[in-house]
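Below is one structure, written out as structure tokens, with a few remarks after it.
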There are 2 protein chains.
Amino acid sequence: MNQGRPLEFDPHLALQKAMEVFWRRGYEAASLQNLLSAMAISKSSFYQTFGSKHELFQRCLQLFRERQVRLMTAALEQAPSGKEFLRTMLRSAASEVVADEPPKGCLIMNTATEFSGRDAIVADLVGKGASQFTEVFRCAIERAQSVGEIDSGKDAEVLARYVVTTISGLKTMAKAGMQATAIEDVAELALSALS
Amino acid sequence: MNQGRPLEFDPHLALQKAMEVFWRRGYEAASLQNLLSAMAISKSSFYQTFGSKHELFQRCLQLFRERQVRLMTAALEQAPSGKEFLRTMLRSAASEVVADEPPKGCLIMNTATEFSGRDAIVADLVGKGASQFTEVFRCAIERAQSVGEIDSGKDAEVLARYVVTTISGLKTMAKAGMQATAIEDVAELALSALS
DNA sequence: TGACTTAAGGACTGATCGGTACATAATTAC
DNA sequence: GTAATTATGTACCGATCAGTCCTTAAGTCA
């Protein structure tokens with residue numbers, strides 16, 4: 001068996017770089033030139049390895065979702081309590097405002113906003129992402145319920161959807177120019193609906 | 001004084017049509033062709049009247065904001081109570097899901113998501129929109145506070161920002177595929193943080 | 001060495017992007 | 001009528017879009 005000329009780049013690293021471009025610019029505004037520059041590969045390598053801009057985008061959405069779920073799951077495990085984890089997550093939009101400029105938000109929710117119903121494949125990936133995020137928050141809520149931080153009488157699934165909704169809203173508000181302190185106030189108020 | 005050849009179209013109607021295109025597709029994905037078709041005018045008329053795609057977009061953002069503030073203010077005036085108005089607004093994302101497909105969301109917040117920091121002029125218009133929406137909700141909350149529907153001890157400004165945030169989040173979730181019933185559950189839960 | 005396989009370089013594609021130039025049409029003022 | 005003014009139609013612009021094709025380079029295997 002022949003192996004041919006070896007790849008001169010790391011496909012996974014290139015994928016990460018592409019994800020960042022989509023994350024920052026969205027799908028439409030991310031030109032192939034933008035992507036190639038960030039990925040530091042040639043056009044031929046790009047099409048050979050990733051097929052098309054749309055296929056690359058799908059892979060970026062999946063990568064983002066996996067990465068995010070992994071990070072959140074790890075954070076939940078290490079958190080002092082379920083509620084503290086939720087507080088940290090709700091405050092994340094505020095951190096984003098003070099950290100890098102401008103805030104990038106969540107790639108999944110950005111994508112939901114950019115092309116809601118215009119692309120069935122993307123809509124499916126977005127829906128999958130949203131439900132997996134909800135799942136992590138449901139775990140956190142159940143953990144908080146088990147120690148009495150949150151009323152066990154409340155439906156954990158509804159609470160989880162509420163958390164996803166609020167975080168998504170806060171990230172949008174961060175992009176709309178809301179100050180970090182205001183975001184923290186709203187996050188704290190949102191938390192009060194959980195207990 | 002000479003008046004020259006009269007316009008063969010209604011500039012305000014054309015602007016409304018353009019706004020709908022931007023609302024549905026976003027800025028980048030709205031091509032000049034899309035806009036011209038919807039506005040039912042020629043390219044020459046377009047550039048003569050509106051200057052450029054970007055200027056048109058700015059006018060659409062302003063039109064949307066004015067329209068939205070007008071509609072919300074009227075709805076608040078006619079609402080049985082401040083809190084009932086807030087409930088209706090929070091449920092609007094659910095109505096959007098069952099009504100037209102796919103949901104369009106809020107043009108201002110869609111724009112915040114699409115190009116947060118990449119355009120200073122647009123960022124300014126987005127911020128102006130967000131604060132005017134907040135203002136309307138603050139009025140509703142103060143009205144609710146004055147009749148005891150909402151604890152007067154709470155900061156109306158923070159509550160108003162919370163409402164804007166939650167509605168924005170719900171509209172995003174609607175685009176991400178959340179069911180109408182789930183949206184209503186979350187909206188009701190969100191309301192509980194106000195009392 | 002040379003056959004084979006795969007990757008990268010670079011020229012090229014048709015389509016579309018937003019925008020312009022200019023001729024023509026429709027109106028008012030005189 | 002004619003001049004002046006403004007709107008529309010149409011051809012055109014360079015730039016860029018995503019994507020293809022074909023050559024060349026860099027490896028393995030015999």
Side-chain angles (χ1 to χ4, degrees), chain A residues 1-61 111 114-115 118-122 125, chain B residues 1-61 111 114-115 118-122 125:
Chain A
M1 263 300 187
N2 236 338
Q3 292 180 333
R5 181 171 168 178
L7 274 176
E8 289 182 5
F9 66 96
D10 175 358
H12 185 69
L13 182 64
L15 196 62
Q16 281 184 317
K17 293 292 185 184
M19 183 188 78
E20 279 166 31
V21 174
F22 284 130
W23 197 357
R24 200 164 358 243
R25 306 182 64 92
Y27 181 79
E28 296 285 350
S31 74
L32 216 51
Q33 281 307 323
N34 295 146
L35 293 163
L36 296 181
S37 303
M39 299 166 87
I41 63 176
S42 74
K43 203 173 247 195
S44 350
S45 303
F46 174 84
Y47 279 100
Q48 177 129 329
T49 308
F50 299 103
S52 70
K53 184 185 174 184
H54 195 270
E55 287 174 66
L56 173 71
F57 186 59
Q58 293 174 44
R59 293 191 54 179
C60 287
L61 285 177
T111 303
E114 185 175 355
F115 34 155
R118 259 180 302 135
D119 187 317
I121 297 173
V122 170
L125 289 170
Chain B
M1 262 304 182
N2 235 340
Q3 291 180 332
R5 180 172 170 177
L7 274 177
E8 290 182 8
F9 65 96
D10 176 358
H12 185 68
L13 182 65
L15 196 63
Q16 281 183 318
K17 293 293 185 185
M19 183 189 78
E20 279 166 31
V21 174
F22 284 129
W23 197 356
R24 200 165 355 243
R25 306 181 62 92
Y27 181 79
E28 296 284 350
S31 75
L32 217 50
Q33 282 307 324
N34 295 146
L35 293 164
L36 295 181
S37 304
M39 299 167 87
I41 63 176
S42 74
K43 204 173 247 196
S44 353
S45 302
F46 174 85
Y47 280 100
Q48 177 130 328
T49 308
F50 299 103
S52 69
K53 184 186 174 184
H54 196 270
E55 286 174 65
L56 173 72
F57 185 59
Q58 293 173 45
R59 291 190 55 180
C60 287
L61 285 177
T111 303
E114 185 175 355
F115 34 154
R118 257 180 302 136
D119 187 317
I121 297 174
V122 170
L125 289 168

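Every chain is numbered from 1 and lettered A, B, ... according to where its sequence line falls, protein lines coming before strand lines. Everything quoted here is computed from the prediction, not taken from an experiment.
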(request) Output the residues of residues 31-42 of chain A in contact with DNA chain D, where contact means a heavy atom of the residue under 4.0 Å from an atom of the strand; sort by number or write none. (result) A:S31, A:L32, A:Q33
(request) Look at the side chain of B:K53 and the backbone N and O of B:Y27, then say whether any donor-acceptor pair between them is shorter than 3.5 Å. (result) yes
Show each protein N/O and nucleotides 11-14 of chain C N/O combination with a separation under 3.5 Å, one pair to a line.
none

(request) Would you kindly give the CD-to-P distance between A:E28 and D:dT16, to the nearest whole Å? (result) 18 Å
(request) Check A:V21 against A:A38 and note the closest heavy-atom contact, atom names and distance. (result) CG2-CB, 3.4 Å
(request) Between B:Y47 and B:E8, name the one whose nearest nucleotide on DNA chain C is closer to the 5' end. (result) B:Y47
(request) Return yes if some donor-acceptor pair links the side-chain N/O of B:E114 with the main-chain N/O of B:E28 below 3.5 Å, else return no. (result) yes
(request) Write down the distance between CZ (B:F46) and C1' (D:dG9), rounded to a whole number of angstrom. (result) 17 Å
(request) Considering non-hydrogen atoms only, spot the tightest contact between B:F50 and B:P11 and give its length. (result) CZ-O, 3.8 Å
(request) Could you state the atom-to-atom distance from CZ of B:F50 to P of D:dA7 in whole Å? (result) 12 Å
(request) Grab the CG-P distance between A:L7 and C:dT5 for me, whole Å please. (result) 18 Å
(message) Walk me through whether A:E55 and A:R59 qualify under side-chain contact (heavy atoms from CB on, under 4.5 Å).
(response) CA-CA 6 Å; A:E55 287 174 66; A:R59 293 191 54 179; 5.8 Å; no
(request) With heavy atoms under 4.0 Å as the rule, sort A:A30 into base, sugar-phosphate or nothing. (result) sugar-phosphate
(request) Return the value, rounded to whole Å, for the distance between atom CD of B:Q48 and atom C1' of C:dC22. (result) 13 Å
(request) Write down the atom of A:A29, the atom of A:R25, and the distance for their closest heavy-atom approach. (result) O-NE, 3.1 Å
(message) If I compare all heavy atoms of A:D119 with all of A:H54, which pair ends up nearest, and what's the gap?
(response) OD2-NE2, 2.5 Å
(message) Tell me whether the side-chain N/O atoms of A:S45 come closer than 4.0 Å to OP1 or OP2 in C:dA8.
(response) yes
(request) Identify whether any heavy atom of A:F9 sits under 4.0 Å from a base atom; if not, whether one sits that close to sugar-phosphate; answer base, sugar-phosphate or nothing. (result) sugar-phosphate
(message) Going by the rule ring pair (Phe, Tyr, Trp, His ring centres under 6.0 Å), which residues pair with B:Y47 if we only count those two or more places apart in sequence or in a different chain?
(response) none
(request) Would you kindly check whether a donor in the side chain of A:S44 faces an acceptor in the base of C:dG10, or vice versa, at under 3.5 angstrom? (result) yes
(request) Mind checking B:T49 for me? I need base, sugar-phosphate or nothing, with any heavy atom below 4.0 Å counting as a touch. (result) nothing
(request) Locate the shortest heavy-atom distance separating B:M39 from B:L56; write the atom from each residue and the value. (result) CE-CD1, 4.0 Å
(message) What is the separation between atom CZ on B:R5 and atom P on C:dT27, rounded to the nearest whole Å?
(response) 7 Å
